[in-house]
Amino acid sequence: MTASQNHDDSDFDASPSLGIAARAMAAARPGAAGGYLQGMNPEQREAVETLDGPVLVLAGAGTGKTRVLTTRIAHILATRRAFPSQILAVTFTNKAAREMKERVGQLVGGVVEGMPWLGTFHSIGVRMLRKHAELVGLKSNFTILDTDDQIRLIKQLIQADGIDEKRWPARQFASALDGWKNKGLRPADIPEGEARAYVNGRGRELYAAYQARLKVLNAVDFGDLLLEAVTLLRENPDVLADYHKRFRFILVDEYQDTNVVQYLWLRLLAQGSHNICCVGDDDQSIYGWRGAEVDNILRYERDFPGAKVIRLERNYRSTAHILGAASHLIAHNEARLGKTLFTDLPQADDEDKVFVASAWDSEEEARSIGDEIERYQRGGTPLNDIAILVRASFQMREFEDRFVTSGIPYRVIGGPRFYERAEIRDALAYFRIVMQPADDLAFERIVNTPRRGIGDTSVRTLHDYGRAEGVPLTEATHQLVATEEFKGKTRTALRDFLDSLGRWRDLVPAMKHTELAELILDESGYTAMWQNDRSADAPGRLENLKELIRSMDEFESMEGFLEHISLVMDRDAGEQLDAVSIMTLHSAKGLEFDTVFLPGWEEGLFPHQRALDEGGRAGLEEERRLAYVGLTRAKRHCLIWFTSNRRIHGSWQSSIPSRFLDELPAGHVEIKETGSAYGGYGSSFGRQNPYGASRFDSVERFQSNYDTPGWQRAQKAQKAAGSTGRGGFSSPAQPSYGRGQPKLIEGELIAKSVVEGAPKFAAGDRVFHVKFGPGSVAAVDGNKVTVDFDKAGQKRVVDSFLERAGN
DNA sequence: TTCTGAGTGCTTTTT
DNA sequence: GCACTCAGAA
């Protein structure tokens, strides 16, 4: 995405460039050797060639999804069904958009400058809104607020309303607001009950006030980029008709992640040509918590009547063991369309099964994974091919600590994004206020950064005046500085500040934008502020500011830069050095690694307790999909760990192996003989376990656990659907998705770990626990025992952790 | 304005 | 158990 592509209206005329299509014809003949269809399997080919009408491509992990999408575009161009500018192709992330652009370019030969409508939902939303801003009450140079600005704005409104901020935190309202916008609800549309549940029953009013304030500021938030776009199309049939004429083909990536507004937007646009092709995988839907509707993909055939559904199940990534494990696990989900990955590749003799290993606690887990990584490294695996995928980011720390001491290079993927850092946001606020004097949020952010002696009181005075007069803060300052309102130092400081802003503004047309940016940061004293800061991260922040200026160089002007910064600024691709990647399961979606470590498979952490408590069965199924995503990232080796003890919120908890372990098929899994889960620290790799055998000590015992409810359910599902004959597991042919499913999560919890038989303990028994010491049994529930420990207080533990102790 | 102590909450994240 | 936020005092 480049800065030059906004604001130009040329793409709306009827003379699209022929360049790409012509080159596509020349370079890519479908059938010929080297043609773009070469080497595609029949399903992929069908997905590429079925151009007319709605199509849903259910593309399992590693089945060549991106290839299908890009080849489809090439095919549309080569068959002259549309010009590049008549194809709408949407993705979720900039990264995906960039990749698609590159790959279409490769297929078609040349850079795809002619595809103006390939981009993220948000960037395309912006594009539409800029063009028709006045129709939704904006000016076309509107600002895009990020979450931080959003929260500050809400805070102000809550304060102005005299509502207790403590009781109704702005952050909480911001997420409600996001939720409503994701669902396509405007203030009038939100259900009464929900409206009342916020800010003292004033949820609806606050939402409306917030929107009104945005219009005054000539700003939109991320949610608006889509919601306002939908409003625009709904309320202006002529505009919609124009887009109908324009978009001959619509392509959507990661359809399982779309939310309601995105769905509504797509539906409106697809009314034109009906040629909408959505690619996705219901089994990889892991963003329900941020508004994604799995229903969108599950109901596709009903939403788009006559839709053709094409399944891509031939996997080119992983070994048969990994696919077998993943397929069997995901077959436990009920809300799915059902597909089973398989591989054509011959099985190698030395192919590893999926490993499961245990550790005493997270420290040992990190240590043994580190050892394992070094072993792979000695065996010739580059560290770049190895990843550790965790459920929650707090797990990363243990690995970082360990790798620092043992000298394993690593990189953490994720974390705060570049433009979210305070110094970057401050710098941007300076640039914004220079370019847009009415940007009050930018004004407030930097008016006293660095300190100029303009405190809260002064800012409030400006605010009150500005609001009373209906003028932005800059203007309010101008007017009040001319009066006796401010005295002495404050007045001088404000006047100096205004002078600086004016001076910088005058320089905009005269100076190269990167130089001006540097000048602003220097003259404002902002750079000096960090230079004088003696804290450890100050040098890093200065470095970030330099990086910011460097990245501005890619844009033609300050406006172009600001336009795209909040939407497009990715964190940089990272250094080239050989290092292990550490990231969350969520950020691993779409990636692949030769060797994948999956630590922390314990009840409560994975599946996460909150997902179960708040999401019930649907929550559990989403967790299971996460596990599926994790497993299918691995090409050749997949190693799972669980610990017997973990520190959660500061206190130690003994933990139970994840139910997902029980849901792996024994035939594809191997239990690693570390035996140290219950054996204490250090050199306890011996087989003698002072605390007795546990069910994870041997493969046999492990296998005997497959007589569990989860397993039985999966088997029943298999029987119902009949075998596919590919050695894989098949799932119900009919999606049996229901909203009113009973939430049995609690009851199912430990069931699978129970070795049938009489309870080992009774209330009153004296017992001993490795971690918590001696105690007395208070209650017994299956194999879960509640114990009053003499030292550690009352805990609920699994009986296999307990030893009978004499009185 | 800056420091300090109390209070809180604590999955996942893109745009 | 820790990291972050915010109100109130120095």
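Proteins get letters first, then strands, A, B, ... in listed order; numbering begins at 1 in each.
- A/Thr66 pairs by the side chain to side chain contact (heavy atoms under 4.5 Å, CB included) definition with A/Thr70, A/Glu99, A/Arg103, not counting sequence neighbours.
- Distance noted for atom P between C/dC4 and B/dT11: 15 Å (whole Å).
- In this view, A/Arg491 and A/Glu484 satisfy the salt bridge (Lys or Arg N to Asp or Glu O under 4.0 Å) rule, not counting sequence neighbours.
- Salt-bridge formation is detected for the pair A/Glu254/A/Lys589: a Lys NZ or Arg NE/NH1/NH2 atom is positioned less than 4.0 Å from an Asp or Glu carboxylate oxygen.
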**Study point:** Contact state string [nucleotides 1-11 of chain B, B base, S sugar-phosphate only, - no protein heavy atom under 4.0 Å]
**Key:** SS-------BB
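- A side-chain contact (heavy atoms from CB on, under 4.5 Å) with A/Leu177 holds for exactly one of A/Ile154, A/Leu185, A/Asn182; it is A/Ile154.
- Not counting sequence neighbours, A/Arg421 has no partner by the salt bridge (Lys or Arg N to Asp or Glu O under 4.0 Å) test.
- As a whole-Å value, the separation of A/Gln150 CD from B/dT15 P is 16 Å.
- Between A/Lys131 and A/Met128 there is no side-chain heavy-atom pair separated by less than 4.5 Å.
- Among pairs with a residue in residues 605-626 of chain A, those fulfilling ring pair (Phe, Tyr, Trp, His ring centres under 6.0 Å) read A/Trp601-A/Phe606, A/Phe606-A/Phe660, at least two apart in sequence or across chains.
- A/His122 and A/Phe222 make their closest contact through CD2-O, 3.5 Å (heavy atoms, listed as atom of the first residue, atom of the second, distance).
- Running 5' to 3' along DNA chain C, contacts with non-hydrogen atoms of chain A at under 4.0 Å begin and end at C/dG1 to C/dA7.
- Nucleotides B/dT12 and C/dT5, compared at atom C1', are 23 Å apart to the nearest Å.
- At whole-Å resolution of the value, CD1 in A/Ile413 and P in B/dT14 are 12 Å apart.
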